[in-house]
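Take a look at the structure set out below.
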Amino acid sequence: VSCVFRGELTRKPASFLTTSDAVVAVRLGSGWSTVAEDFRYDDYDGWIVLLDIDGHGQVVAVNNVSDGDVLWNERGVFYGSPSQDSLTTEAGTQGIGRGHRSNERHRYALPDGALAVVHGEEFGFWVDTVHVDGRVTSVENDKTRGSVGQCGSRILAITDTEESPGISAAAFAAHAARSGDEEAPTTLAAVVQLNDHDGEASPLLAVAPMIDGLKSRQNMFACEGDVITMPSVQADEAAASSNGPTSERQRTLVLQRWDLSTGERSIIPVLDEAGNPLELNERQDVSEYEAIRVGSEYRFVSSGGDAFAVDLASSQGRHLFSLDVPRSEYLSVFQVTETGVYALRDRRADRVVTLSYRPWDGDQWRDLVTTSNLAPYLKKGMWTPTVDIQSFALRPGWDGGAH
């Protein structure tokens, strides 16, 4: 078997990939900047790259999946291709067969050591779980969509009866039982469980009336016992312009909290230090965030680079910083730790990639690793598929000397 050197990356067959001295695992695949949408789901280039602190490393072809994710924990680097999942360790790479999946949502490490991946397929979610003993179990959630997250051993979706017709009958029945003769709303919001159940019907854990203008798009949320909490945006739909987007003063940050033991939901305004609603301007967002619990605070950074901290007990919040480079010039993805935010930035002009770190309360970014070695694999074309960085993960325990 031959290995191919391309720049300072060694291209290997997947079975020969090892974690070796790598500190960053990077997933490359279908980019959000793809212009030719017809190509988005094709089986074109997809790559896993393991980089050391000098930006050198190993790369393997894994074929493309939309929104490909990579996870690195004590079991190894966990990632997938359309037809299988893979686990790379110091000893090598193990291929784990399963059914064909083309669209990932997120990968999770479960408390018992199992690794799970959520796939968003055309007719609902699939959850594949790789257990410690090597077994692979798959659960189908027919006609169920939504925003996904983990609470302990459970993988959950926040959804509604329009988005997920598969849970509609159960949701309206549960609401009717709770509200009695009260007239039912046209749409209900709900929390459903996606793993550890039999059959196509996802277990309904909580239900509440849909609220206009309440939006939350995430792959994680704060979890404490049976209570899950997620930052959300509340837009004042009544005050929105009839011929344009909402104004800067019509979007505020709130906490959407679901108690799965009672099945009830509450919406809690996030207040700034002066006791006023924490407003979001038209450039700030909280969607698709990466988050971590630090003491009583939930700290998170959105996919657009807006960082916030919210005290889950008092609901006091603060905007920490926003990304200081324009998205027109850089593509960025994020990971977080208790101390700060890691950003992997791809400079669009020449595809130079930099791993940077910023403390939650710090005032500047610090560059840890910079490399041009990914440039041959990153592509941008008008009528051909775009390949961008989809996600990345750090070696457990490595901080790059950031603190």
Side-chain angles (χ1 to χ4, degrees), residues 23-24 71-74 106-111 147-154 156 158 216-233 252-259 266 268-275 277-278 280 284-324 332-344 355-366 368 391-403:
V23 295
V24 185
L71 181 153
W72 198 343
N73 74 345
E74 63 276 3
H106 205 59
R107 290 175 179 264
Y108 299 97
L110 302 181
S147 296
V148 180
Q150 176 187 4
C151 187
S153 61
R154 295 180 292 191
L156 310 171
I158 313 297
S216 176
R217 184 180 179 189
Q218 81 288 315
N219 52 34
M220 56 177 57
F221 31 63
C223 167
E224 189 170 7
D226 286 324
V227 178
I228 60 173
T229 306
M230 68 219 67
S232 303
V233 176
T252 58
L253 184 62
V254 299
L255 294 179
Q256 186 179 168
R257 183 166 292 164
W258 293 85
D259 187 334
S266 56
I268 305 166
V270 175
L271 306 179
D272 61 20
E273 293 181 348
L278 186 59
L280 303 173
Q284 292 175 348
D285 201 1
V286 301
S287 65
E288 297 182 313
Y289 56 76
E290 296 292 329
I292 192 168
R293 178 83 176 258
V294 182
S296 64
E297 280 193 333
Y298 200 48
R299 299 181 183 180
F300 57 97
V301 58
S302 72
S303 60
D306 302 307
F308 296 85
V310 179
D311 189 292
L312 296 177
S314 67
S315 303
Q316 181 173 311
R318 52 200 173 104
H319 171 248
L320 302 177
F321 58 83
S322 292
L323 196 62
D324 54 1
S332 303
V333 290
F334 303 93
Q335 291 292 321
V336 299
T337 66
E338 290 187 355
T339 63
V341 179
Y342 290 85
L344 197 62
L355 176 68
S356 304
Y357 170 83
R358 180 170 180 166
W360 288 112
D361 293 309
D363 59 358
Q364 61 183 356
W365 289 92
R366 176 184 172 188
L368 304 178
S391 66
F392 76 100
L394 304 179
R395 177 186 283 271
W398 181 82
D399 64 11
H403 51 276

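Between L344 atom CG and F334 atom CZ the span is 10.0 Å, to the nearest 0.5 Å. Annotation: the span from D272 atom CG to T252 atom OG1 amounts to 11.5 Å, rounded to 0.5 Å. To the nearest 0.5 Å, the span separating OG on S314 from CD on E297 amounts to 8.0 Å. Rounding to the nearest 0.5 Å places CD of E290 at 12.0 Å from OG1 of T337.
T339 and Y357 form a side-chain donor-acceptor contact under 3.5 Å, judged by distance and modelled atom types alone.
Side-chain contact between I158 and S216 is absent, with no heavy atoms from C-beta onward closer than 4.5 Å. Put simply, the side chain of H106 does not reach to within 4.5 Å of the side chain of V148, judged on heavy atoms.
In this structure, the ring pair (Phe, Tyr, Trp, His ring centres under 6.0 Å) partners of F300, at least two apart in sequence or on a different chain, are Y289, F308. With sequence neighbours excluded, the residues forming a salt bridge (Lys or Arg N to Asp or Glu O under 4.0 Å) with D361 are R318, listed by chain and number. Remark: A393 engages V70, W72 in a side chain to side chain contact (heavy atoms under 4.5 Å, CB included) (not counting sequence neighbours). Residues meeting the side chain to side chain donor-acceptor pair (under 3.5 Å) test with S356, sequence neighbours left out: D367. Residues satisfying the salt bridge (Lys or Arg N to Asp or Glu O under 4.0 Å) test with D306, not counting sequence neighbours, are none.
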With a cut-off of 3.5 Å and sequence neighbours excluded, list every side-chain donor-acceptor pair involving residues 221-231.
residue : atom : partner : partner atom : Å
D226    : OD1  : R154    : NH2          : 2.9
T229    : OG1  : R257    : NE           : 2.9

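Summarising the local packing, CZ of R217 is surrounded by 12 or fewer heavy atoms from other residues, nucleotides or ligands at distances under 6.0 Å.
Under the 3.5 Å distance criterion, the side-chain polar atoms of R358 are left unmatched by any main-chain donor or acceptor of W360. Between the side chain of Q150 and the backbone N or O of G152, at least one donor-acceptor pair lies under 3.5 Å.
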